[in-house]
Amino acid sequence: AGFSGALRPTLHVGDLVLPGALLRPAGERLDVAGGDAAQTLVTTDEIITSPQHKRQLFEQTQADAVDMESFAVARLAAQAGLAYTAVRAISDDAATALPAAAADWITDDGLPRIKAPVVWALTGWGRLGRLRQLAKDSGVAANALAKVLPDMVRSWADSQVKEPGA
């Protein structure tokens with residue numbers, strides 16, 4: 001579970017994507033059990049910051065959304081013989097540009113660099129308002145996930161319980 005950028009123009013901040021397939025831009029594909037067969041998620045190695053790049057990636061893949069982790073995690077799960085389901089909340093729509101500096105806001109391991117966006121916001125005119133909007137949109141996405149994850153986890157846990165003597 002996590003955040004994703006929208007590629008499909010009809011998706012909005014806070015919408016959920018439960019993909020039935022995960023893609024890589026080069027054409028690799030992994031099917032995801034329990035996902036919506038009509039939805040796809042493409043995983044890239046970089047943050048997609050511009051609406052133009054989002055549009056190009058959508059035209060190339062027809063994926064609904066983009067993230068940086070799901071394909072790799074799903075591949076590892078498959079190799080270990082584990083089930084995998086992805087759920088992503090849209091944190092930026094297809095028309096939203098992210099700051100080019102956003103690529104520096106995470107480490108190579110995918111961990112946040114907490115000070116980086118703050119330094120970015122405080123060193124340029126109008127950036128603080130932009131950072132506040134990004135934070136608000138992330139909050140909307142987080143709330144969307146918080147509404148569905150408890151039931152999803154409960155449902156998964158119930159499916160793992162074996163009847164006595166079975």
Side-chain angles (χ1 to χ4, degrees), residues 1-113 116-117 120 130-131 133-149 151-153 155-156:
F3 297 164
S4 182
L7 299 180
R8 185 170 301 282
T10 56
L11 289 174
H12 304 285
V13 170
D15 287 347
L16 296 175
V17 176
L18 291 101
L22 303 172
L23 310 172
R24 292 285 290 157
E28 292 176 272
R29 178 186 175 102
L30 288 173
D31 291 326
V32 179
D36 182 343
Q39 291 185 326
T40 56
L41 179 70
V42 62
T43 297
T44 62
D45 296 328
E46 62 186 358
I47 295 176
I48 307 302
T49 58
S50 75
Q52 297 80 8
H53 195 176
K54 291 177 185 181
R55 185 174 48 255
Q56 291 169 346
L57 193 56
F58 177 68
E59 290 170 358
Q60 176 187 350
T61 65
Q62 292 298 298
D64 295 283
V66 58
D67 79 351
M68 295 178 61
E69 310 83 20
S70 293
F71 195 94
V73 175
R75 178 179 280 158
L76 289 172
Q79 290 170 349
L82 301 172
Y84 177 82
T85 298
V87 57
R88 295 289 176 181
I90 299 299
S91 58
D92 53 288
D93 64 29
T96 298
L98 299 176
D104 297 326
W105 296 355
I106 58 170
T107 67
D108 291 339
D109 296 330
L111 300 173
R113 290 188 172 116
W120 172 83
R130 182 70 187 111
L131 186 61
Q133 183 62 50
L134 292 172
K136 179 182 174 189
D137 291 346
S138 294
V140 169
N143 287 334
L145 284 172
K147 288 179 183 175
V148 300
L149 284 179
D151 287 338
M152 290 181 74
V153 170
S155 176
W156 174 83

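Heads up: numbering here begins at 1 and tracks the sequence.
- Considering all non-hydrogen atoms of both residues, Ser4 and Ala65 come closest at OG-CB, 3.1 Å.
- Residues Val140 and Gly14 come closest through the heavy atom pair CG1-CA, 3.8 Å.
- With rounding to the nearest 0.5 Å, the separation of OG in Ser70 from CG in Leu41 is 5.0 Å.
- Residue Thr61 holds its OG1 atom at 10.0 Å from CD of Glu59, rounded to the nearest 0.5 Å.
- Here the shortest heavy-atom pairing between Ala63 and Leu7 reads O-CB, 3.4 Å.
- Within the 4.5 Å cutoff, no side-chain heavy atoms of Asp92 are placed close to those of Asp137.
- The CD atom of Gln62 lies 10.5 Å from the CG atom of Leu57; values are rounded to the nearest 0.5 Å.
- Applying the ring-ring contact (aromatic ring centres under 6.0 Å, His included) test to pairs two or more places apart or on separate chains, none has a residue in residues 48-75.
- Side-chain atoms of Glu69 and Arg88, non-hydrogen and from C-beta on, do get closer than 4.5 Å to each other.
- Side-chain contact between Thr85 and Val87 is absent, with no heavy-atom pair separated by less than 4.5 Å.
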Applying side chain to side chain contact (heavy atoms under 4.5 Å, CB included), run through Val17 and Arg8 and close with a yes or a no.
CA-CA 11 Å; Val17 176; Arg8 185 170 301 282; over 6 Å; no
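- Under the side chain to side chain donor-acceptor pair (under 3.5 Å) criterion, Ser91 pairs with no residue, sequence neighbours left out.
- Residues Met152 and Leu18 meet the side-chain proximity criterion, which asks for heavy atoms closer than 4.5 Å.
- Residues Phe3 and Ser138 come closest through the heavy atom pair CZ-O, 3.3 Å.
- For residues 72-87, every residue pair satisfying the salt bridge (charged side-chain N to carboxylate O under 4.0 Å, His left out) rule, not counting sequence neighbours, is listed here: Glu28-Arg75.
- Here the CD1-CG distance, from Ile90 to Asp15, works out to 6.5 Å after rounding to the nearest 0.5 Å.
- Every pair passing salt bridge (charged side-chain N to carboxylate O under 4.0 Å, His left out) that includes a residue from residues 35-47 is listed here, sequence neighbours excluded: Arg24-Asp45.
- Across Gly2 and Leu145, no two heavy atoms sit closer than the pair O-CD1, 3.5 Å.
- One finds the OG1 atom of Thr44 at 7.5 Å from the CG atom of Asp67 (value rounded to the nearest 0.5 Å).
- Side chain of Asp64 to backbone of Thr40: a donor-acceptor contact under 3.5 angstrom is found.
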Pairs of donor and acceptor atoms involving the side chains of residues 93-106, under 3.5 Å and at least two apart or interchain, shall be tabulated with distances.
| unit_1 | atom_1 | unit_2 | atom_2 | d |
| --- | --- | --- | --- | --- |
| Asp93 | OD1 | Ala95 | N | 3.1 |
| Asp93 | OD1 | Thr96 | N | 3.0 |
| Asp93 | OD1 | Thr96 | OG1 | 2.6 |
| Trp105 | NE1 | Ala101 | O | 3.3 |

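- Taking CG of Leu23 as the reference point, atom OG1 of Thr43 lies at 8.0 Å (rounded to 0.5 Å).
- Although no hydrogens or angles enter the test, the distance criterion places no donor-acceptor pair under 3.5 Å between the side chain of Ser155 and the main chain of Asp151.
- Looking at Ile47 and Val66, their side chains never come closer than 4.5 Å, going by heavy atoms from C-beta outward.
- Sorted by first and then second residue, the salt bridge (charged side-chain N to carboxylate O under 4.0 Å, His left out) pairs involving residues 78-87 (not counting sequence neighbours) form an empty list.
- Across Pro25 and Gln60, no two heavy atoms sit closer than the pair O-NE2, 2.7 Å.
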